[in-house]
Amino acid sequence: MSAVADPRPDDESARVGIPAARRPGMRPEAPWDDPALGDIIVPAGELQDRIAVLGAAITADYARRPPLLVGVLKGACIFLSDLARAIALPVEMDFMAVSSYGTATRTSGVVRIVKDLDLDLSGRHVLIVEDIVDSGLTLSFLRRNLAARHPASLSVCALLVKEGLQSTPLDLSYEGFRIPPEFVVGYGLDVAERYRNLPFICEYLEGEPPDVAAPS
Ligand code: 5GP
């Protein structure tokens with residue numbers, strides 16, 4: 001739980017992610033027909049439709065207090081770019097980068113700030129914009145760290161949440177999609193810095209997922 005007030009969205013549909021299942025046979029087409037890529041999990045059109053819903057809910061919830069969007073580099077950069085343009089308010093943006101230490105597939109919860117924010121959060125309505133929540137440990141660190149900077153409110157908007165992997169409640173104000181617990185790439189998410197520019201989210205098939213110690 002955040003230590004500061006958390007504005008609740010009026011539009012309940014933006015609070016809980018839409019389940020997104022692997023679509024057997026829905027494979028990336030040229031120019032993205034790479035054998036390392038598996039089935040598409042969220043097509044490009046569905047990403048944009050959902051972001052319009054999230055943007056409208058955020059616009060309604062923050063009407064009199066435009067938020068400061070805090071993007072978590074690098075994974076959230078594409079989501080934040082589209083989300084910001086779906087919010088009809090004079091938002092501000094800032095970015096931070098963190099490293100999560102752990103095994104190839106799991107973070108340990110030990111997180112280090114690689115790039116800190118430029119702006120002072122005190123008295124601001126802060127909305128953390130995350131690409132994907134897996135164990136939830138990185139988000140838990142971010143929430144504690146940012147809450148200690150005395151924002152007026154602190155909420156979270158996550159594009160993807162992996163189902164069934166979190167041991168504590170995530171308390172997300174806005175969620176894009178609930179996805180199966182598989183390693184995915186695209187729309188900001190990478191493998192060794194590649195695939196961030198895919199316009200959709202798909203499974204990554206080839207080899208072991210990379211170590212998560214690098215900034216995401
Ligand atoms: P956590 O387990 O702390 O919730 O996730 C930490 C970070 O690991 C995420 O912010 C993201 O950068 C990375 N991550 C988790 N799952 C995936 C995934 O399926 N694909 C990619 N590319 N990164 C992931």
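Computed from a predicted model, the values in this text were never measured in an experiment.
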*asked:* I'd like to know whether Leu146 forms a side chain to side chain contact (heavy atoms under 4.5 Å, CB included) with Met96, so could you lay out the CA-CA distance, the side-chain angles of the two residues, the decisive distance to 0.1 Å, and finally the verdict.
replied: CA-CA 11 Å; Leu146 299 190; Met96 65 192 296; 4.0 Å; yes

*Roughly how far, to the nearest 0.5 Å, is CD of Glu46 from CD1 of Ile41?*
12.0 Å

_Donor-acceptor contact below 3.5 Å, side chain Arg124 vs main chain Ser153_ = no

*Nearest heavy-atom neighbours spanning Gly38 and Cys202*: O-CB, 4.0 Å

_Check against side chain to side chain contact (heavy atoms under 4.5 Å, CB included), Val111 and Leu137_ = CA-CA 8 Å; Val111 177; Leu137 293 171; 5.9 Å; no

*Donor-acceptor pair, side chain of Ser173 and main chain of Ser155, under 3.5 angstrom*: no

_Using modelled atom types and a 3.5 Å cut-off, is there a donor and acceptor pairing between side-chain atoms of Arg50 and backbone atoms of Glu175?_
yes

*Compare all side-chain heavy atoms of Leu154 with those of Leu121 and state whether any distance is below 4.5 angstrom.*
no

*Could you walk me through whether Leu189 and Leu160 pass side chain to side chain contact (heavy atoms under 4.5 Å, CB included), step by step?*
CA-CA 11 Å; Leu189 293 165; Leu160 305 171; 3.7 Å; yes

*Could you give the distance from CG (Leu47) to CG (Asp82), rounded to the nearest 0.5 Å?*
8.5 Å

*Can you tell me how far the CG atom of Asn145 sits from the CD1 atom of Ile113, to the nearest 0.5 Å?*
4.0 Å

*asked:* Under a plain distance cut-off of 3.5 Å, with no hydrogens placed, do Tyr174 and Asp61 share a side-chain donor-acceptor pair?
replied: yes

_Between Asp94 and Asp118 (side chain of the first, backbone of the second, donor and acceptor by atom type, cut-off under 3.5 Å), is there such a pair?_
yes

*Would a 4.5 Å heavy-atom cut-off, applied to side chains only, mark Phe79 and Leu54 as touching?*
yes

_Just so I know, are the side chains of Val98 and Arg112 near enough to count as touching, which here means a heavy-atom distance under 4.5 Å?_
no

*Could you check if a side-chain atom of Asp39 sits within less than 4.5 angstrom of a side-chain atom of Arg27, using non-hydrogen atoms only?*
yes

_Same cluster or not: Val16 versus Ile18, using hydrophobic residues (I, L, V, M, F, W, Y) connected whenever any side-chain heavy atoms lie under 4.5 Å apart?_
no

*asked:* Quick check: closest heavy atoms across Ala158 and Val133, and the distance to 0.1 Å?
replied: CB-CG2, 3.8 Å

*Kindly give the heavy-atom pair with the smallest separation between Leu83 and Gly55, and that separation in Å.*
CD1-N, 4.1 Å

*Distance, nearest 0.5 Å, that separates CZ of Arg65 from CG of Leu89*: 10.5 Å

*Using 30° and 60° as the class limits, which term best fits the ring planes of Trp32 and Phe200: parallel, tilted or perpendicular?*
perpendicular

*Indicate yes or no: at least one non-hydrogen side-chain atom of Leu68 is less than 4.5 angstrom from one of Val91.*
no

*asked:* How close do Tyr62 and Val126 get, counting heavy atoms only, and between which atoms?
replied: OH-O, 4.4 Å

*What pair of heavy atoms forms the shortest contact from Gly123 to Ala152, and how long is it?*
O-CB, 3.4 Å

*Any donor-acceptor pair under 3.5 Å linking the side chain of Asp190 with the backbone of Tyr195?*
no

*Please lay out, stage by stage, how Arg143 and Val156 fare under the test side chain to side chain contact (heavy atoms under 4.5 Å, CB included).*
CA-CA 9 Å; Arg143 213 194 276 270; Val156 180; 3.7 Å; yes

*Does any non-hydrogen side-chain atom of Leu127 lie less than 4.5 Å from one of Val70?*
no

*Can you name the nearest heavy-atom pair linking Asp33 to Ala30, along with the distance?*
OD1-CA, 3.7 Å

*CD1 on Ile87 to CD1 on Ile58, rounded to 0.5 Å*: 4.0 Å

_Contact between Cys77 and Leu80 at the side-chain level, heavy atoms closer than 4.5 Å - yes or no?_
no

*Are any of the side-chain heavy atoms of Lys115 and Leu73 separated by less than 4.5 Å?*
yes

*asked:* Rounded at 0.5 Å granularity, tell me how far CG in Leu159 sits from CD in Glu130.
replied: 10.0 Å

*asked:* Main chain of Pro19, side chain of Arg178: is a donor-acceptor contact present, judged purely on distance under 3.5 Å?
replied: no

*Side chains of Arg85 and Ser81: is there a donor and an acceptor less than 3.5 Å apart?*
no

*Test Arg149 against Asp116 for salt bridge (charged side-chain N to carboxylate O under 4.0 Å, His left out), laying out the working first.*
CA-CA 12 Å; Arg149 305 183 195 197; Asp116 207 346; 3.0 Å; yes

*Let me know which of Asp131, Ile132, Val42, Val191 forms a side-chain contact (heavy atoms from CB on, under 4.5 Å) with Val184.*
Ile132

*Any Lys/Arg nitrogen of Lys162 or Glu182 sitting under 4.0 Å from an Asp/Glu carboxylate oxygen of the other?*
no

